[in-house]
Amino acid sequence: MKLPTVGEAAPTSQDVSAKVVSDLSVEVVSDSGEGAQKCGQIFGSVSAKMGNGVWTVEIIPAEVEPPPRQPAGASGIRIRLGDQEVTNWGDETNVVVAFNEQALMGRHHLNALAPDAVVLVENMWATHPDPTIRKEWEDAMEVLSKTDYRVIEVPMEEQCLTVVDNPRRGKNMFVLGLLSWIFQRDVDRAKEQIAHAFRTKKPEITERNHELLDLGFDWAAANLDFRYEIPAITSDVPKIVMNGNEAIALGSVAAGLELAAMYPITPATSVSHMLGDVFEKFGGTLHQAEDEIAAAGVAIGSSYAGKCAFTITSGPGLALKTEFLGLAIMAEIPLVLVDVQRGGPSTGLPTKVEQSDLLAAVFGQPGDAPHVVMAPATIEECFHIMTTARRIAEALRTVVMVLSDANLATGVAPFPRPELSAEWQSGPPDQRPIPEGANPYAWDEKTGLSRRFIPGQPGGEHTVTGLAHDQRSKVAYDSVINEHSSNMRSRKLAVLQSTLLPPQVRGDEEGDLLIVGWGSTKGAIEEAVDRARAQGLSVSSLHLTFLSPLAPGLKEIFQRFRKVMTVEINYSDKKGDPFITDENRRRGQLAWMLRASTLVDIDCWTRVLGEPLRPSKILEAIEGNMPNGENEL
Amino acid sequence: MKLPTVGEAAPTSQDVSAKVVSDLSVEVVSDSGEGAQKCGQIFGSVSAKMGNGVWTVEIIPAEVEPPPRQPAGASGIRIRLGDQEVTNWGDETNVVVAFNEQALMGRHHLNALAPDAVVLVENMWATHPDPTIRKEWEDAMEVLSKTDYRVIEVPMEEQCLTVVDNPRRGKNMFVLGLLSWIFQRDVDRAKEQIAHAFRTKKPEITERNHELLDLGFDWAAANLDFRYEIPAITSDVPKIVMNGNEAIALGSVAAGLELAAMYPITPATSVSHMLGDVFEKFGGTLHQAEDEIAAAGVAIGSSYAGKCAFTITSGPGLALKTEFLGLAIMAEIPLVLVDVQRGGPSTGLPTKVEQSDLLAAVFGQPGDAPHVVMAPATIEECFHIMTTARRIAEALRTVVMVLSDANLATGVAPFPRPELSAEWQSGPPDQRPIPEGANPYAWDEKTGLSRRFIPGQPGGEHTVTGLAHDQRSKVAYDSVINEHSSNMRSRKLAVLQSTLLPPQVRGDEEGDLLIVGWGSTKGAIEEAVDRARAQGLSVSSLHLTFLSPLAPGLKEIFQRFRKVMTVEINYSDKKGDPFITDENRRRGQLAWMLRASTLVDIDCWTRVLGEPLRPSKILEAIEGNMPNGENEL
Amino acid sequence: MSCSLLHAGHEDERTFEMGDYQGPVARWCSGCGDHSVLAAAQRLLTDEQLKPEDTVFVSGIGCSSRFPHYMTTYGFHGIHGRALTIATGVKLTRSDLDVFVVMGDGDCISIGAGHWIHAVRYNVDMVALLLDNNIYGLTKKQTSPTTPQGYKSNTQPRGSFLPPMNPLEATLGVSNASFVAQTAEWVPAHLFATLQAAYRHKGFSFVRILQRCPHFTSDMYEDAVKQPDLVEILSHPEGIQVEGLDKIYKSQIRHDPTDLNGARELAEDMNKIRLGLFFRDESRPIYNETRTIAKHTARQKMDLLNEEFDSYAV
Amino acid sequence: MSCSLLHAGHEDERTFEMGDYQGPVARWCSGCGDHSVLAAAQRLLTDEQLKPEDTVFVSGIGCSSRFPHYMTTYGFHGIHGRALTIATGVKLTRSDLDVFVVMGDGDCISIGAGHWIHAVRYNVDMVALLLDNNIYGLTKKQTSPTTPQGYKSNTQPRGSFLPPMNPLEATLGVSNASFVAQTAEWVPAHLFATLQAAYRHKGFSFVRILQRCPHFTSDMYEDAVKQPDLVEILSHPEGIQVEGLDKIYKSQIRHDPTDLNGARELAEDMNKIRLGLFFRDESRPIYNETRTIAKHTARQKMDLLNEEFDSYAV
Ligand SMILES: Cc1ncc(C[n+]2csc(CCOP(=O)(O)OP(=O)(O)O)c2C)c(N)n1
Ligand SMILES: Cc1ncc(C[n+]2csc(CCOP(=O)(O)OP(=O)(O)O)c2C)c(N)n1
Ligand code: SF4
Ligand code: SF4
Ligand SMILES: [Mg+2]
Ligand SMILES: [Mg+2]
């Protein structure tokens, strides 16, 4: 996959020849409330419908509505298009449309723009009555002039005023027209999408927006000298497009989960927004509890009384649920917990991505609390993992944690439309009588598995407890019983592990370097590894879905490579930093777990930049960490 | 150290020759409320005063006052005496005094008695009006007759009635007399102790108890044919005697800690009982909060506004404090947390010992949350560790966790009286003005250390936050700042680690087997290792005080032994159990950490029996795990 | 919880004796007030002929929270302070079950305060019993929020610093409260009548039960037990009526349970121990009935989901 | 918090202007009610000439909890729902500091409910401000406990299921409550007077501030803002007196702030928006003054400790 380069200006005309590129990123940025996101979403789905690979991700400021025209307040969206499936947000942006120069500067400061990016910026600020604003504009242009960007001023305000009297509400559709021309998007499709997006508003709105779309399209045709063509993927697999949180919400419906208890927290909340909207119609209940502890308690009570329930949260909420998780594990009550990870520790970076909850998820509960931890790697997996999680939770009578993150939560991409099967759903709670003498914890000596008794089952009456207990669920302080029951709870993980297959290596089965990842970084890692292999480097990658228990065969795989290194979005001490030795170095969280379980000297390359990893940075890390290469990063 | 054997019955007489033994355990068991513990405590301190090594530990039923005459309801105390310092509760009991045969059976079922134990049991039940009770007595005697115990019936009730009309309140003193004769205790010392114990009650009580003491003493003299002599340790080091929780309470005073915020939880609560009593007179405040979360918040608020504060809890409470710990670490607010570990997971075994909170303590907080974790190994260390913890917390501006457990909390033993130094206390909070331009997080680039600004300091005004922030404590979502501040918080651990010395190996510096332990198991492990070495086995032991960061030099030490094995009171899968493989085996918590950090194949021998490890069992484990030995346990 | 409704339709030949609800011997101290509450609950279940399999007792942690272990119904001995959250989950999922919650004063009023306040507002149809001995029992005598000011404990050995929290007053201060009553474990007839009224109320029934803890606070209710005139009974045809109770408890006061302000004034003044129904309002919205949740087969759900996909189709 | 006392004795030449308390530009939405509260607080500090270094603003998490960042005093931006616990720790340790707590409705009434109830009872000397916009702002429009029944949000899109919690009523239900007031951010004069009364009260001052959130609930207080007659002012010489406010707010009601039951009745009926001092009682015990803590030098402490050892000597 090669990075696109922007062609030189041809004389402005209707028939500008389009440059063919295989992969390209566009950003639309503005102050919040100007609709840049809506514009990008429509552009993205039109592109998807036209057969491109698409990944869109929103650029969200930390405040709800920060002061206007501030770099830190930039609000917008990135759309990455490709002639193949796009699995991640990519590297830098090639084309940027900015509603004001400050939002643009915000992106510039974050190195979000490619050195040769094409920048289309609203120029009303150059002539703004307020002198300080004019000054800000000049300073910004001064800075940009020192870059290799190609900056094109666009009179958005002026143009939109010909159609609407408050352009603040219309610019985004003008820009959509602009982009439609540049990328040769099917204007009718765009209009359909607009109509759909505003279906709840009155028809005039849609008409107005259609006009603005045409306006932008025509302006571009008359004034721009470059167009792009990203060849379509020819595939007739039906697809649906959504973000990871929507996929989790619909996935939970597919899994037959019927109660979700949560307390709002970014970036997990949008799962419950979706459920709040549709869950009841599917027979589900969304309970917004008074806090995360209560949410866990309600979910556990619900599971105890019937089907497996679930709770949704992020780091700080995970922390609060810790005690209840121990109870569910001890009393063997199935529970699914979704943790949409964000930047930590503490409140950290609430809207940004991180993979720093792994160790807390696996080891965070006081006492010995064996349970299952999994991580989806794609938006599609966000959907399907809910069924797997629910099934394991019920089969093993334990807690299953699903670790997603802000990258999957906000990333939007198409994936094959699932072919639903009723088997994915669990049946109604068993209400048959319990045979005389059967026990609520009749652990199978070999597997530790046992059948759960559900209220309503005559003869199954018993009291579950978080205290040490015997097979009859009677409180027991006896040494032998405590050893045995601990043993049975732990055994279940070994049983699950024995059913797992070793993960598939991507690339050669052996070589110089193996990159190991988990969760949302899969797309970026594989893109980087592919690029590295294209450069002739002997590198492969491995991605883990099961973190507890770990999949089998890892040590064998690791031993076939000269070096093994994890790539994670969490913190690790850098080699060579003051006081850091191989002995005291704090490593990436997965690296650390793999070292303990395989005793292989696993290195790590991790970053906590508050953004998804960029394939190009991972590529640099690979180049810098080839066992024979010097200057390891 | 050899186990004592009880001599054959000599003709009853005043001058029974005493058998000299180097180490012997006594238990007094009864229904709760009969004063067995008081009896044992006085016996223990008299023995300590007479120069014996002593370790006493209470036998506490799970309920406050369970129904009478039930094996599970046994309440009492064990006193282990030695001619050397006694560092743990030992193995089995050699002499048992039981107020009823059911309490006795309770101990028998738990294998608490040595095969050749001498059993002195109240015989009023044999002739009790209630036939079921008589039956219970007969059945019990039937069982006991099949053992090698030497059972001696004692007419306690009958005897006590000659002095008091309600023997329920007097038997314990009669038994104290009994024991005083058998172990040749100084009766005057015993009477002093009684007087001290009942100083708050009216004098008649003391007189009555003195009479009962004499009565028991004389009865024994007239009816028993065996006495023991445990030679005294000749040492003139002044000593004090208390349990681990009392040591933590007084240690916090010595450390200059001035605010303790807690919520009651077994087995940690007695620390606060002691503080509730004495803290105010030392200028301290004990705050019983509405829950553990609030306790953490109050302690953090207190630290923020002045001196380092602390909070005390156990497993379930640790879980609840998780979120606040992340905040203290992120905002770099010093905090000492004492976790008196109990059996888990969940409510588990509230009154029993376990070492299962290690991983949760080190890794339990979502996000990257570097902090310090230490564990005292003796009651004496419980006292001194509080000063170390407070100092590190303030020097590093972070959280320091102290992991004690129920074994140390309830064990009572003498230790050298600390020679107090005013330097142990921190000065009053700095209130000097802050120089222009100084920052609240002016991290030293090399060490990550910085000076804390305390409210009241003019010019130091700033807002601390759990959000990502820069040196000025301003909220910052910038990638570079987040990487850098994460780096600085982590660096502090490496700096601390660089100041630590490699731990001392006990025994040879190299050999076949190295036993590694942490926390309260030290005494039992070293006793077992000494016995093994006496048998000629090539085994040494290593005990860790620092768990995060780990002390330096461990890998080098480990590599000098053919096999390294941790001994811990927490759960691990047993080799050879169904489905358990070397790959999926869940190991002891310390073993797991050491594997990750040293990549040495460290084995573990762990138990969760709800009781302290017995030296004899550790010895068996050593024998079974010698690299050359077969049948590994 | 109007059981009649719930059990309508069921064909069930069984009749239940008191013994059918009695589990193993309770391991509370002798003389502990919890024993009487247990007996009253078992009597209630017998009277109402509740099916053991359709009845769930949920508790937190504490002496009182051992309660479910001594019943033969389904039980959930949860964690400290969180019983109400678990019970809410049970009822949200299974409105057909009768749910009882047993909590201590530390459990409900201290660590559980947030859940307690919100459970009152949710008004989920269940019975919540606060076994209030004004002390932490299981952990051996620490101050609780309801400990009288000046009363000595192991954490406040020179006496509790503050005036006690008044659970009735606080509950009455929460909007959507629908049933608030107080009774005493040493007045079995009144205790039983109160449990019955609470059970028959549709909505969240909060019952504070004054409970003796002879082991740690033997003096706490000594006088009130010895001198019935220290106790005042709230009487009203709409309230909790106990035949012949006025023989022993002469001081009675008429209180209409629909009068919220009257209830608050009675609850506030703590000079007298008042037993009875302070407030009841069956018209308050019940959280688990405020929504309409579709019932579908797995197939139907999957079909619906498939339709849903259309709006995400590329 | 009677500052006069606290500052007695100090020799300090400085005088402070409004600007001395103003931090960086607040990043709240334009028109957000939080801006007015910030201004009022800064005016209060100026009026009372509080030393920035001796003043601490503690908050939880939420839009409103960004408050301390926009002041130039010491500040503690804590975690969601726990601000009151942190503030309690600060005041227990440093009674010489003036402590203000800023919370949102989700922060204080939902996740923070337990701490809120207990803080009212502790009656620690500080000012607690509830910035109540009846919604979760920072997380983008979810139902809060004070959201009006039927009001649509992202988690309850068909309308809030339950009647809202009434923070005043609940606070008044907690024993040992000592200061309970309500004001509105769009009535600056009343807002300021209320903050001042709260600050000057010795004990825990709970102030509910009705706050507009134009971004998510622009309609919430629209009418009340436009039609002053929908608002009723509690007036009393002992209450919160605002010069000339009666010109705009004609409907006034006389209420004696020592009358607890009157306060409850006024708080309960939600047909009118009532602003003013509902209840005040300076005689309630203050937790951080209920104990006598010895003051010693390190040396003295060590000597005492050494004596203590004697009773453990072998
Ligand atoms: C999270 C947590 N904190 C603390 C404890 C310890 N604990 C057990 S019961 C209890 C309080 C007991 O008092 P109460 O709730 O009044 O019940 P009672 O024993 O008096 O019936 C406490 C603090 C615990 N088990 N879990
Ligand atoms: C433990 C925890 N749970 C949830 C969140 C997410 N969160 C941040 S602010 C907030 C509520 C905001 O509403 P409110 O308290 O009313 O303050 P407002 O924004 O309206 O001023 C929530 C749920 C969090 N930061 N921490
Ligand atoms: S301690 Fe008190 S509450 Fe607990 S069982 Fe004994 S008497 Fe009952
Ligand atoms: S979202 Fe509402 S509360 Fe938050 S800043 Fe904007 S207007 Fe204020
Ligand atoms: Mg209690
Ligand atoms: Mg709010």
Side-chain angles (χ1 to χ4, degrees), chain A residues 45 48-49 238-242 246 250 253-254 256 258-259 261 278 280-285 287 289-291 293-307 309 323-324 327 414 417-418 420-422 424-425 427 455-467 474-475, chain C residues 23-24 51-59 61 66 68-94 96-97 114-115 117-118 287-288 291-299 301-306 308-314:
Chain A
S45 55
K49 283 184 160 51
K239 291 209 169 80
I240 55 176
V241 58
M242 60 183 66
E246 292 167 326
L250 293 185
V253 171
E258 289 178 1
L259 183 130
V278 305
E280 292 181 5
K281 123 179 138 194
F282 289 108
T285 301
H287 174 62
E290 59 270 28
D291 62 22
I293 297 175
V298 168
I300 288 169
S302 175
S303 283
Y304 162 78
K307 285 190 182 184
E323 188 195 7
F324 251 131
L327 175 66
R417 180 175 178 138
L420 302 169
S421 144
W424 295 359
Q425 308 240 333
Q457 292 189 275
E461 297 84 358
H462 69 288
T463 292
V464 298
T465 178
L467 281 162
K474 298 278 178 231
V475 176
Chain C
K51 297 214 197 75
E53 70 270 21
D54 291 342
T55 310
V56 183
F57 278 79
V58 181
S59 67
I61 297 288
R66 291 298 180 91
H69 289 284
Y70 309 137
M71 301 289 298
T72 56
T73 63
Y74 276 90
F76 197 135
H77 181 203
I79 52 179
H80 192 42
R82 320 296 174 186
L84 288 166
T85 68
I86 295 169
T88 302
V90 172
K91 195 70 184 182
L92 278 181
T93 312
R94 295 287 302 273
D96 59 315
L97 301 175
H115 308 306
I117 294 301
H118 284 278
Y287 181 72
N288 53 317
R291 42 181 108 199
T292 44
I293 292 150
K295 285 261 150 284
H296 295 300
T297 65
R299 259 260 115 290
K301 269 201 229 173
M302 286 312 200
D303 296 342
L304 273 171
L305 184 55
N306 210 4
E308 191 75 23
F309 281 166
D310 295 342
S311 41
Y312 296 87
V314 170

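Each chain gets a letter, A, B and so on, in the order its sequence line appears, and its residues count up from 1.
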Exercise. Is there a side-chain contact between C:Y287 and C:L92 (heavy atoms, below 4.5 Å)?
Worked result: yes

Seminar exercise, completed: Counting heavy-atom pairs under 4.5 angstrom with chain C, the leader among A:V253, A:L250, A:L467, A:V298 is A:V298

Exercise. Side chain, backbone, both or neither: which part of A:S303 has a heavy atom under 4.5 Å from chain C?
Worked result: neither

Exercise. Quick one: are A:P418 and C:F309 in side-chain contact, heavy atoms under 4.5 Å?
Worked result: yes

Exercise. Does any non-hydrogen side-chain atom of A:R417 lie less than 4.5 Å from one of C:Y312?
Worked result: no

For this session: Could you have a look at C:T73, C:T85, C:T72, C:V58 and say which one has the most heavy-atom pairs with chain A under 4.5 angstrom?
Result: C:T85

Exercise. In chain order, what residues pass the side chain to side chain donor-acceptor pair (under 3.5 Å) check against C:T55, with sequence neighbours excluded?
Worked result: none

Exercise. Do A:Y304 and C:V56 touch side chain to side chain, with heavy atoms closer than 4.5 Å?
Worked result: yes

Exercise. Quick one: what part of A:P458 sits under 4.5 Å from any heavy atom of chain C, side chain, backbone, both or neither?
Worked result: both

Seminar exercise, completed: If you tally heavy-atom pairs under 4.5 Å between each of A:A48, A:S45, A:G297 and chain C, the highest tally belongs to A:G297

For this session: Counting only heavy atoms closer than 4.5 Å, note whether C:H69 contacts chain A via side chain, backbone, both or neither.
Result: both

Problem set entry | Toward chain A, the part of C:H115 with a non-hydrogen atom under 4.5 Å | both

Problem set entry | chain C contact via A:A299 - side chain, backbone, both or neither, heavy atoms under 4.5 Å | neither

Problem set entry | Under 3.5 Å donor-acceptor, C:E308 side chain and C:N306 backbone | no

Exercise. Heavy-atom distance under 4.5 Å between the side chains of A:E258 and C:K301, does that happen here?
Worked result: yes

Problem set entry | Part of A:E323 lying under 4.5 Å from any heavy atom of chain C | both

Problem set entry | Largest heavy-atom contact set with chain C, pairs under 4.5 Å, which of A:S421, A:G306, A:G427 | A:S421

Exercise. What is the distance from atom NE2 of C:H296 to atom CG of C:L305, rounded to the nearest 0.5 Å?
Worked result: 11.5 Å

Exercise. For A:K474 and A:T465, what are the C-alpha separation, side-chain angles and deciding distance, and is it a side-chain contact (heavy atoms from CB on, under 4.5 Å)?
Worked result: CA-CA 8 Å; A:K474 298 278 178 231; A:T465 178; over 6 Å; no

For this session: Taking the side chain as every heavy atom from C-beta outward, state whether C:I86 and A:L327 have any atom pair closer than 4.5 Å.
Result: yes

Exercise. Out of A:E280, A:K49, A:E290, which one racks up the most heavy-atom pairs below 4.5 Å with chain C?
Worked result: A:E290

Exercise. What part of C:D310 is in contact with chain A, defined as an atom under 4.5 angstrom from a non-hydrogen atom: side chain, backbone, both or neither?
Worked result: both

Exercise. Is it the backbone or the side chain of A:A254 that comes under 4.5 Å from a heavy atom of chain C, or both, or neither?
Worked result: both

For this session: Working to the nearest 0.5 Å, report the span between CG of C:L304 and CE of C:M302.
Result: 11.0 Å

Problem set entry | Winner by heavy-atom pair count (cut-off under 4.5 Å) against chain C, out of A:G466, A:G460, A:A289 | A:G460

For this session: Answer with side chain, backbone, both or neither: which region of C:R94 has an atom nearer than 4.5 Å to a non-hydrogen atom of chain A?
Result: side chain

For this session: With sequence neighbours left out, write down each residue that passes salt bridge (Lys or Arg N to Asp or Glu O under 4.0 Å) with C:E53, or none if nothing qualifies.
Result: C:R14

Problem set entry | chain A contact via C:F57 - side chain, backbone, both or neither, heavy atoms under 4.5 Å | neither

For this session: Return the option, out of A:P238, A:A296, A:A295, A:G284, with the maximum number of heavy-atom pairs under 4.5 Å with chain C.
Result: A:G284

Seminar exercise, completed: Scored by heavy-atom pairs under 4.5 Å with chain A, the best of C:R299, C:K295, C:R291, C:M71 is C:R291

Exercise. Relative to chain C, which segment of A:L259 carries a heavy atom at a distance below 4.5 Å: side chain, backbone, both, or neither?
Worked result: side chain

